[in-house]
Amino acid sequence: MPQLLGNLMRREPLRLVNGGTQRRSFTDIEEGVMGIMAILKQPEASVGEIFNLGNPKNNHSVREVAEALRQEVSRVKGYEDVLEVPIVEVSGEEHYGKGYEDVKDRLPSIAKAVNKLHWEPKLSLRDTLRKTVDYYLR
């Protein structure tokens, strides 16, 4: 996301590795920090445990995120033209070098965090993108 946002701010093409089809579960930074705080505040529930902190409801392709981010940035005065910033598909090898491999879908199971820590993210991707754009551009 920082790379995409930086490219939009500079009006440079959004380079999507392998077309941006890989899926990730995007989590708002504040909700992620709250998950870490839940671990720290509840040692009786968390000592010796491993928790996945993520938002499986925000599982989107990188392409979907790039397009949504472009929409959000275009709503800021002075950045209306970013809708014209092209999306360019590049191969993983071209972008990262020979031998690049990627996971197609990262979808965390947060069941243990919900049950033991009573932590669950609530913000949608759109809300998170709006907050991020507001922070960076306004």
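Numbers for residues simply follow the sequence, beginning at 1.
Here the side chains of Lys131 and Ile29 are not in contact, with every heavy-atom distance at 4.5 Å or above. Counting heavy atoms from C-beta outward, Asn18 and Ser91 have side chains that approach closer than 4.5 Å. Here the side chains of Arg70 and Leu83 are in contact, with some heavy-atom distance below 4.5 Å. At least one side-chain heavy atom of Ile110 sits less than 4.5 Å from a side-chain heavy atom of Pro56. Contact check for Val85 versus Glu12: no side-chain heavy atoms found under the 4.5 Å cut-off.
For Arg23, the salt bridge (Lys or Arg N to Asp or Glu O under 4.0 Å) partners at least two apart in sequence or on another chain are Glu64.
Interatomic distance, Asn58 CG to Asp28 CG, rounded to the nearest 0.5 Å: 9.0 Å. Interatomic distance, OG1 of Thr132 versus CG of Leu137, reported as 10.0 Å (0.5 Å rounding). The CD atom of Gln71 sits 11.0 Å away from atom CG of Leu129, with the distance rounded to the nearest 0.5 Å. Note that CZ of Arg130 and CZ of Arg75 are 6.0 Å apart. Values are rounded to the nearest 0.5 Å. Remark: Arg24 CZ to Asp105 CG distance equals 7.5 Å, nearest 0.5 Å. The line from CD of Gln3 to CG of Leu8 is 10.5 Å long, rounded to the nearest 0.5 Å.
More than 12 heavy atoms of other residues, nucleotides or ligands lie within 6.0 Å of NZ in Lys112, so this atom counts as buried by the packing criterion. Within 6.0 Å of CD on Glu44 lie more than 12 heavy atoms contributed by other residues, nucleotides or ligands.
For residues 118-138, there are no ring-ring contact (aromatic ring centres under 6.0 Å, His included) pairs, not counting sequence neighbours. Residues in residues 82-104 take part in these ring-ring contact (aromatic ring centres under 6.0 Å, His included) pairs, two or more places apart or across chains: Tyr96-Tyr100.
For the pairing with Leu16, the side-chain contact (heavy atoms from CB on, under 4.5 Å) check across Val90, Val62, Val88 returns one residue only, Val62.
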Audit row: Arg126, Glu72, salt bridge (charged side-chain N to carboxylate O under 4.0 Å, His left out) steps and yes/no: CA-CA 8 Å; Arg126 194 60 77 170; Glu72 286 301 321; 3.4 Å; yes
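Residues Ile39 and Val47 do not share a hydrophobic cluster, clusters being chains of Ile/Leu/Val/Met/Phe/Trp/Tyr side chains in contact below 4.5 Å.
Residues Asn55 and Thr27 have side chains that never bring a donor and an acceptor to within less than 3.5 angstrom of each other.
Here the side chain of Thr21 pairs no donor or acceptor atom with the backbone of Ser61 at under 3.5 angstrom.
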